[in-house]
Number of protein chains: 2
Amino acid sequence: MAHDHVMPADLTRNQELVLGTLNHAPAPLSAYDILDLLRSEGLRAPLQVYRALDKLVERGLAHRLESLNAFVACADAHCHRKGLIAFAICEGCGKVDEFADAVTEERLSAWAGATGFKVERTTMEIRGKCAVCLKAAA
Amino acid sequence: MAHDHVMPADLTRNQELVLGTLNHAPAPLSAYDILDLLRSEGLRAPLQVYRALDKLVERGLAHRLESLNAFVACADAHCHRKGLIAFAICEGCGKVDEFADAVTEERLSAWAGATGFKVERTTMEIRGKCAVCLKAAA
DNA sequence: AATCAATACGTTATAGCATAACACTGCTGC
DNA sequence: GCAGCAGTGTTATGCTATAACGTATTGATT
């Protein structure tokens, strides 16, 4: 499995450390998880991590998973995605699969058009079990 | 605007108090908001509220909004909805609109079928501005 | 070079959200 | 009765996130 991750050259030291940590993690990490992993690099306070995360999320290099209060690196190297991204979170192994669906996005636009709601941001998170974990449990 | 809310007869006192509070709220409430509103009724600890919320959510009488860490009463009196419910949250007035979309649900099933993922629960939360707030800002 | 604005940084303190653990109550069914 | 279960009340604690302060660095402008 190849790394699809991206590491822009213009990140600050803290941003680079945080994104590096997320890139190597097999599952989402909380800000405090990240902090603990980076204490050896000199980070001491939650805010150092949160500030880096804010920038990374803003740039689309990382995503926040609302239902976990945790963060993952963006799985798409070209992260030009402006639209709706869905996350499938396995309760077994913790792995997260990221995908986009144009039809769902279209439905959402249609609903927004009909109600006059202006969509700014959408989070879609699916909890369940991935194929690997289902098979292991069988 | 009619109350679509429901208040089952078999709730415990705490559950009834919490659901009553949610039913009358114009916008989502955090557990601590609810606690503060119910101190006059004798509630003192967060756990009293959280336990009631757990049951209410389990029964589909209330929903948790992950992106707000807050709760709303279910808008559908018959809340038989097992499937995907989407919430549109207005950043202006805080109001939440709850709706279901069969097509989106179908897309999700299709994705699940294709990847072997077993969906247990889905949260879909849309942030933006409602028609009323957009008009007010114009 | 001196200045200014913008951005990032580091630190301490605090706010806000959620649960662990324990003891007790009240009901239901045997 | 009494065992089992769901609900309750309380204290303590842990996890998540931000406020408020000052400093440092960078880059553009004069």
Side-chain angles (χ1 to χ4, degrees), chain A residues 7-22 25 27-59 61-72 89 91 94 121 123 125 127, chain B residues 7-22 25 27-59 61-72 87 89 91 94 96 121 123 125 127:
Chain A
M7 178 65 80
D10 65 337
L11 295 179
T12 67
R13 170 173 158 83
N14 287 359
Q15 289 162 16
E16 192 180 313
L17 287 170
V18 169
L19 184 53
T21 304
L22 288 177
L29 297 175
S30 76
Y32 282 74
D33 291 339
I34 296 169
L35 175 58
D36 288 338
L37 290 168
L38 290 176
R39 285 194 192 279
S40 59
E41 297 291 342
L43 269 69
R44 291 150 194 261
L47 220 51
Q48 296 176 285
V49 175
Y50 279 109
R51 288 202 274 230
L53 284 169
D54 280 349
K55 289 297 172 199
L56 295 172
V57 169
E58 193 179 307
R59 289 183 57 169
L61 297 166
H63 302 290
R64 176 187 173 82
L65 299 175
E66 302 285 358
S67 65
L68 294 178
N69 294 325
F71 301 82
V72 285
I89 302 164
E91 318 247 66
R121 182 159 40 96
T123 75
E125 300 178 14
R127 309 292 288 267
Chain B
M7 177 66 77
D10 66 336
L11 296 177
T12 67
R13 171 173 158 83
N14 286 359
Q15 289 162 14
E16 192 180 313
L17 286 170
V18 169
L19 183 53
T21 304
L22 289 177
L29 297 175
S30 76
Y32 280 74
D33 291 339
I34 296 169
L35 176 57
D36 287 339
L37 290 168
L38 290 177
R39 284 193 193 280
S40 59
E41 296 291 341
L43 270 68
R44 291 149 193 261
L47 221 50
Q48 298 177 282
V49 174
Y50 279 110
R51 288 201 274 230
L53 284 169
D54 282 348
K55 290 298 172 196
L56 295 173
V57 169
E58 195 179 307
R59 291 183 56 169
L61 297 167
H63 302 291
R64 176 186 172 82
L65 299 175
E66 302 285 358
S67 65
L68 294 178
N69 294 326
F71 301 83
V72 285
F87 299 93
I89 302 163
E91 318 246 66
V96 173
R121 183 161 38 97
T123 76
E125 299 178 14
R127 309 292 290 265

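Computed from a prediction, not measured in an experiment: that's the story for all the values here. Proteins come first, then strands; the chains are lettered A, B, ... in the order of their sequence lines, and each starts at number 1.
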A.B. asks: Does D/dT8 have OP1 or OP2 sitting under 4.0 Å from an N or O in the side chain of B/Thr12?
C.D. replies: yes
A.B. asks: Is any side-chain nitrogen or oxygen of A/Tyr50 closer than 4.0 Å to OP1 or OP2 of D/dA17?
C.D. replies: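 Checking D/dA17 against A/Tyr50, a side-chain N or O does come within under 4.0 Å of OP1 or OP2.
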A.B. asks: Closer than 4.0 angstrom, basic N to acidic O: yes or no for B/Glu41 and B/Arg39?
C.D. replies: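 Between B/Arg39 and B/Glu41 there is no salt bridge, as every charged N stays at least 4.0 Å from the carboxylate O atoms.
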A.B. asks: Report yes if the side chains of A/Leu17 and A/Leu37 come closer than 4.5 Å at any heavy-atom pair, otherwise no.
C.D. replies: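 Result no, sub-4.5 Å side-chain heavy-atom pair not found.
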A.B. asks: Using whole Å, report how far CD of A/Glu66 lies from P of C/dC17.
C.D. replies: 14 Å
A.B. asks: Tell me: CG of A/Leu11 to P of D/dT26, nearest whole Å?
C.D. replies: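 For the pair A/Leu11 CG and D/dT26 P, the rounded distance is 16 Å.
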A.B. asks: Is the distance from OP1 or OP2 of C/dG26 to the nearest side-chain N or O of B/Arg13 less than 4.0 Å?
C.D. replies: no
A.B. asks: Taking the side chain as C-beta and beyond, is there a heavy-atom pair between B/Leu68 and B/Ile89 under 4.5 Å?
C.D. replies: yes
A.B. asks: Want to settle it: does A/Gln15 or B/Ala31 sit nearer the 5' end of DNA chain C, counting the closest nucleotide to each?
C.D. replies: A/Gln15
A.B. asks: Over how many whole Å does the gap from B/Leu35 atom CG to C/dC17 atom P extend?
C.D. replies: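 So the two atoms are 11 Å apart, to the nearest Å.
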A.B. asks: For B/Arg44, answer base if it contacts any base atom (sugar-phosphate contacts may also be present), sugar-phosphate if it contacts only those atoms, and nothing otherwise; contact means non-hydrogen atoms under 4.0 Å.
C.D. replies: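 Sugar-phosphate, no base atom in range.
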A.B. asks: Looking at B/Asn69, I'd like to know whether one of its side-chain N or O atoms comes within less than 4.0 Å of OP1 or OP2 on D/dA17.
C.D. replies: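 No, outside the criterion.
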A.B. asks: OP1 or OP2 of D/dG9 versus the side-chain N and O atoms of B/Gln48: is any pair under 4.0 Å?
C.D. replies: yes
A.B. asks: Expressed as a whole number of angstroms, how long is the span from B/Leu47:CG to D/dA6:P?
C.D. replies: 17 Å
A.B. asks: Quick check on DNA chain D: between B/Asn14 and A/Arg51, whose nearest nucleotide comes earlier from the 5' end?
C.D. replies: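 Its nearest nucleotide lies further toward 5', so the answer is B/Asn14.
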A.B. asks: It should be established whether B/Ser30 places a side-chain nitrogen or oxygen under 4.0 Å from OP1 or OP2 of nucleotide C/dG16.
C.D. replies: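 So the side chain of B/Ser30 is outside the cut-off, no N or O lying under 4.0 Å from OP1 or OP2 of C/dG16.
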A.B. asks: Would you say the ring centroid of B/His63 lies under 6.0 angstrom from that of B/Phe71?
C.D. replies: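 Between B/Phe71 and B/His63, which both carry aromatic rings, the centre distance is not below 6.0 Å.
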A.B. asks: Mark yes or no for whether B/Gln15, through its side chain, and B/Thr12, through its backbone, hold a donor-acceptor pair below 3.5 Å.
C.D. replies: yes
A.B. asks: Is there ring stacking between B/Tyr32 and C/dC17, where the centres must be under 5.5 angstrom apart and the planes under 30 degrees?
C.D. replies: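 It does: the two rings, one from B/Tyr32 and one from C/dC17, meet the stacking criterion.
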A.B. asks: Counting side-chain heavy atoms from CB outward, which of D/dG9, D/dT11, D/dT18 is closest to A/Pro46?
C.D. replies: D/dT18
